[in-house]
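Just so you know, these numbers use all the heavy atoms, side chains as well, and skip hydrogens, waters and symmetry mates. Here is how names work: the chains are called A, B, and so on, in the same order as the sequence lines, proteins then strands, and each is numbered from 1. The structure displayed is predicted, hence computed values, not measured ones.
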Amino acid sequence: MGTLTRDKFGGVAVRSRTLAKTIREIIPLALLLFVLWLIFTAKTNWHHLLLGAIVSVLFSWFSYYLLRGRLDPHLKAGVALRFPLFAVLLFWEIIKANWDVLKRVLAPSLPISPRIIDFESYLESDIAKTVLANSITLTPGTVTVDIQGQRFFIHCLSEDQVEDPGEGRLQRMTAWLLKEGPPEMRRLK
Amino acid sequence: MSEYVRDAFIVLFSLTGLFFFVGGTVGLLRCPDLYARLHPSTKCDTLGACSVILALCLQAGASFVTLKLLAIAFFLLLSCATCGHAIGRSAFRSGVVPWHKPGVKPWPIEEDE
């Protein structure tokens, strides 16, 4: 229920406003927990549903006090809407690159030339850098080995995976997903 | 009839998964060093496991089992990427120079840095 600072009219309005804010902020987490409850219990009896609803509201309420201020402000509803398309595009990248890695390691001459390269990212928030690093790591042939500030260190199996616009595409997809970085990069091509 | 088509797809996806698993294992054995071995071991397994999970989803049909399998696939992708990154990062920070071909600059770090 939030702040102890009171305005000159006596704090009741402040208190109810922050209560409404609290409720608004725990709703996404409670919904997520409830969906997970549905999936993992796999029961649709009314008493299971009721128990799930109570537990998800209680736990999101408790964790609000633990996590308040630490939840990333970039995670908005739009991200959840854009995520399915992002996942499909990422999966396509994974399949393409996976095929490439498989061809390389099965070829008798083993045509690899591994090295670590670096590039400067234009993404700034921690969540965007995490999404980009995980996407790069998921895409075969490239592993993010370190991030120092905006500088990404990528181990790649061969140099033509660096020249490949894949990294730029992944960064663009991340910028589009989280609406970050230069405005012309926030669109999918 | 549709049963046969479904079974055919289940077999197809299972075999695809098997193929990627075999490829990943061969890659793991053939690659020269730790960094290079991260690629086939974490990646081919990822797509292989996803393919097998897809086959199991088809087998389960539209039910809660499918949703559970999709949740497993999601967490598998998340943890595969994270642990691959963790292994790579610990090697990088302890200064393991990647295996490289002669004449190739192994990493963008200057020696006097």
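Open room surrounds CH2 on A:Trp99; 12 or fewer heavy atoms of other groups in view lie less than 6.0 Å from it. Other residues, nucleotides and ligands place no more than 12 heavy atoms under 6.0 Å from the CZ atom of A:Phe59. Applying the 6.0 Å contact sphere to CZ of A:Phe62 captures no more than 12 heavy atoms from other residues, nucleotides or ligands. Residue B:Phe9 places its CZ atom among 12 or fewer non-hydrogen atoms of other residues, nucleotides or ligands, all under 6.0 Å distant.
The hydrophobic clustering, which links ILVMFWY residues whose side-chain heavy atoms are closer than 4.5 Å, places A:Val131 and A:Phe83 together. Follow the hydrophobic side-chain contacts under 4.5 Å out from A:Leu106 and you never reach B:Leu18; the two are in separate clusters. Following chains of ILVMFWY side-chain contacts shorter than 4.5 Å, one cannot reach A:Phe34 starting from A:Leu51, and the two form parts of different hydrophobic clusters. The hydrophobic clustering, which links ILVMFWY residues whose side-chain heavy atoms are closer than 4.5 Å, places A:Met173 and A:Leu177 together.
Interface remark: B:Phe92 contributes side-chain atoms only to the contact with chain A (heavy atom separation under 4.5 Å). Proximity to chain A (any heavy atom under 4.5 Å) is shown, for B:Thr82, by both the backbone and the side chain. Within the 4.5 angstrom heavy-atom criterion, only side-chain atoms of B:Ala71, from C-beta onward, approach chain A. For A:Ile95, the parts lying under 4.5 angstrom from a heavy atom of chain B are both the backbone and the side chain. There is no contact between A:Thr130 and chain B, counting heavy-atom distances below 4.5 Å.
Taking CG from A:Leu102 and CG from B:Leu47, the interatomic distance works out to 9.0 Å, rounded to the nearest 0.5 Å. One distance of note links CD1 of A:Ile147 with CZ of B:Arg89; it measures 8.5 Å at 0.5 Å rounding. Between the CZ atom of B:Arg93 and the CD atom of A:Gln148 there is a distance of 6.5 Å, given to the nearest 0.5 Å. One finds the NZ atom of B:Lys68 at 10.0 Å from the CD1 atom of A:Ile39 (value rounded to the nearest 0.5 Å).
Contact count against chain A (heavy-atom pairs under 4.5 Å) is highest for B:Ala36 among B:Ala36, B:Gly84, B:Cys80, B:Pro40. Contacts with chain B were tallied for A:Pro114, A:Ala133, A:Ser135; A:Pro114 has the most, counting heavy-atom pairs under 4.5 Å.
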Can I get a per-line list of side-chain donor-acceptor pairs under 3.5 Å for residues 22-29 of chain B, giving both atom names and the distance, sequence neighbours left out?
from, atom 1, to, atom 2, distance (Å)
B:Thr25, OG1, B:Phe21, O, 2.7

Tell me which donor-acceptor pairs under 3.5 Å the side chains of residues 57-67 of chain B have, and how far apart each pair is, sequence neighbours excluded?
from, atom 1, to, atom 2, distance (Å)
B:Ser63, OG, B:Val65, N, 3.3
B:Thr66, OG1, B:Gly61, O, 2.3

What's the verdict on side-chain contact (heavy atoms from CB on, under 4.5 Å) for B:Leu38 and A:His155, showing C-alpha distance, side-chain angles and the deciding distance? CA-CA 10 Å; B:Leu38 283 177; A:His155 183 266; over 6 Å; no
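Closest approach of A:Ile112 to B:Pro32, counting heavy atoms only: CD1-CD, 3.7 Å. Across B:Ala81 and A:Thr137, no two heavy atoms sit closer than the pair O-CG2, 3.3 Å.
Counting heavy atoms from C-beta outward, A:Leu157 and B:Tyr35 have side chains that stay 4.5 Å or more apart.
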